[in-house]
Number of protein chains: 2
Amino acid sequence: MNLIGNLTLDQLRVLVTISDAGSFSAAGRSLGRVQSAISLAIKTLEETQGIELFDRTRQKPTLTPVGRVLVDQARVILASADRFRAIAAGTRMGLEPALTLAIDPLVPTEPLIDSLRALRDTFPDLSVSFSTEGVGGAERRLRDHSASLAFCLLLPSVPDDLMAYPLMNLDLMPVVAADHPLVRLGRQLDRADLEAHVQLVLSDAHGTEGPSYGVIGSRIWRFVDLGRRLDFLLAGFGWCKMPPFVVEPYLADGRLVKLDISDEGISPTGTLPVYAAHVRGRPLGRGGSWLLDDLRQRLMK
Amino acid sequence: MNLIGNLTLDQLRVLVTISDAGSFSAAGRSLGRVQSAISLAIKTLEETQGIELFDRTRQKPTLTPVGRVLVDQARVILASADRFRAIAAGTRMGLEPALTLAIDPLVPTEPLIDSLRALRDTFPDLSVSFSTEGVGGAERRLRDHSASLAFCLLLPSVPDDLMAYPLMNLDLMPVVAADHPLVRLGRQLDRADLEAHVQLVLSDAHGTEGPSYGVIGSRIWRFVDLGRRLDFLLAGFGWCKMPPFVVEPYLADGRLVKLDISDEGISPTGTLPVYAAHVRGRPLGRGGSWLLDDLRQRLMK
DNA sequence: TCAAATTCATCTCCAAAAGTGATAGAAGAC
DNA sequence: GTCTTCTATCACTTTTGGAGATGAATTTGA
């Protein structure tokens, strides 16, 4: 029947059970089978593999050197098989086979990690993947179905095809390097002041060149990566709005300075809502729902 | 029969074959079975796991999301199972299940790596472990059967219970830091000169306090680790004999100096044989023999 | 558009695999 | 030396799972 080498998971389970229980008979008791079934299983395994697993010179069979190695390997295989069953069992309970998350670079990670840790503890067999790309990347991943849940800003407004739950507010503060000309002006800044200088803007790598929000003037440098933009910001290349969790240390040591801008209406309001979102037509599985609930509960407090 | 969840390797092989071949029928052809057998195997798998692997709304079944994940997991399991068979097959051919090597710290690694690379290419499924400990550690590992092949010095002479093959000669040269008093003497040194200064000696961590060879005088600092001894040597703490491959760069940049010793008889001859050795009662398996042959052939040239 | 080919599900039949229970012989335990 | 425990083996029975055939549904191609 089994033309591919006649190896079965059952044989492997028998093998490791013998190794754990100490004898064929004990393994039989442990597995709820008669001893002869154990004997036969091992005999078959030995014959199909053409090797000797146990040394029978003494009454109680002892593992041969190969036997020991193969028991270890069998444990590996059985562990993988258990994972297979765990995935299947999770699905039976409504758990998605894999939870794919996407997060925009501006969204702070810190509030999420407690929830993600709890998720891991609650669904240890749920495989989670986590992607961060350029601004707008999380939303795009929702749309091309490579992510089932996104944490992102949704500007200018929440699209109709997405189900979005506001999670927290992100204060974007305009900042610039301490040695930048804008600082030397020493007064409240208006639109004209800002237009005269380079603005460091985050944009999507796969950018469909959609309209950019919060962009003032035409002297624009674009970045996909928040960290790299920070490098240029610190180097005094231009100004931009940054979330506090990124720039706090630099404000503290004086390398960055907060800009005092008169007309806040020239850009998105300083406080932006961060959403958790998924495509309406693709409801979250049990793991995603759990994560979302846990997250909102934690952020409520 | 299969009380542990009724998962079989055969079902998994069928599953991935369908995924590769594109249809049940094609999988049947590929596996040399009739299509109904494939249908039945998948049906059984789906029923025992309580999940739907294929979407049957269309004629040609397509994998469900869980199905895709489980196909990947099945590949993992089958790869482990293949490794199980490979280990068994190796043993059938006389290959040891695992080749455990031990090497003394003084023995240079460089001549071995070509052979070890060739070993890996020849026996890709042979698992090799490699241990380096203090001086004498390799020999001890042979004796307690935690290594099957050792590369080591055997002083004062080859023990009777070991089978040893000389591999190469190791020139131990007496060296000391350039700013050490022994250098300032500026003449050929005799035993009395050396006795007056600290000697940095390698010894075994699990040392049975056996006699030490090449030890002169009583001002002894002992090290298990060659690298750490080198630190103290460079710091000018004392003198010792070192293999050239270790000290060459330091001789070149002048931080170490070779000592000119008059009476070589006071210590083991400057040239020591490095042996490959195994316990007589435990012959090498095919992998170990192959490695030894290859090694000797390479060193012959 | 219609026939031919292909695909999968299902049914019956059957062979082989694998478990049960009993027995015998060997090795330890007391 | 007896008693227990262990494994191997045998006959018997159950069950699994493949072969082959059939039918329905879909795709392909002329």
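Numbered from 1 within each chain, the chains take letters A, B, ... in sequence-line order.
- In this structure, CZ of B:F24 is placed 14 Å from C1' of C:dT10, rounded to the nearest angstrom.
- Sorted by first and then second residue, the ring pair (Phe, Tyr, Trp, His ring centres under 6.0 Å) pairs with a member in residues 56-92 of chain B form an empty list; sequence neighbours excluded.
- In this structure, A:L45 places its CG atom 15 Å from P of C:dA17, rounding to the nearest Å.
- The main-chain N or O of A:E52 is found under 3.5 Å from a side-chain atom of A:T64 such that the two form a donor-acceptor pair.
- Among residues two or more places apart in sequence or in another chain, the ring-ring contact (aromatic ring centres under 6.0 Å, His included) test is passed with B:F54 by B:F24.
- For A:R141, the salt bridge (charged side-chain N to carboxylate O under 4.0 Å, His left out) partners at least two apart in sequence or on another chain are A:E133.
- Considering only residues two or more places apart in sequence or on other chains, B:D82 meets the side-chain hydrogen bond (donor to acceptor under 3.5 Å, both in side chains) condition with B:R85.
- An angle of 40°, rounded to 10°, separates the two end axes of the helix from C:dT1-D:dA30 to C:dC30-D:dG1, each defined over five pairs.
- Counting only residues at least two apart or in different chains, ring pair (Phe, Tyr, Trp, His ring centres under 6.0 Å) contacts with residues 27-51 of chain B are absent.
- Checking the phosphate oxygens (OP1, OP2) of C:dT7, a side-chain nitrogen or oxygen of B:R29 falls inside 4.0 Å.
- Summarising the geometry, the separation between CD on A:Q11 and C1' on C:dA17 is reported as 11 Å, rounded to the nearest angstrom.
- Remark: B:K43 is in phosphate contact with C:dT10, judged by side-chain N or O atoms under 4.0 Å from OP1 or OP2.
- In this structure, CG of B:D10 is placed 15 Å from P of D:dT16, rounded to the nearest angstrom.
- The side-chain hydrogen bond (donor to acceptor under 3.5 Å, both in side chains) check on B:S115 picks up B:D294, B:R298, with sequence neighbours excluded.
- For B:L7 and D:dT16, the CG to C1' distance is 16 Å, given to the nearest whole Å.
- Between A:S39 and D:dT7, a side-chain N or O to OP1/OP2 separation shorter than 4.0 Å is absent.
- At a cut-off of 3.5 Å, with distance as the only test, no side-chain donor of B:T8 or B:D10 sits close to an acceptor on the other residue.
- Rounded to whole Å, atom C1' of D:dT5 lies 16 Å from atom CD1 of A:I18.
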Could you tabulate the donor-acceptor pairs under 3.5 Å formed by side-chain atoms of residues 70-81 of chain A, not counting sequence neighbours?
from	atom 1	to	atom 2	distance (Å)
A:Q73	NE2	B:S80	O	2.9
A:R75	NH1	A:D20	OD1	3.3
A:R75	NH1	A:D20	OD2	3.4
A:R75	NH2	A:D20	OD1	2.9
A:S80	OG	A:V76	O	3.1

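- Going from atom CD of A:E47 over to atom P of C:dA17 covers 11 Å, rounded to whole Å.
- Per the geometry, CG belonging to A:L31 stands 14 Å off C1' belonging to C:dA18, to the nearest Å.
- In this structure, B:S23 reaches the sugar-phosphate backbone alone: every heavy-atom distance under 4.0 Å involves primed, P, OP1 or OP2 atoms, never a base.
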Checklist entry - How would nucleotides 20-30 of chain C be written as a contact map, 5' to 3', with B for base contact, S for sugar-phosphate-only contact and - for no contact, using protein heavy atoms under 4.0 Å? => result BBB---BSS--
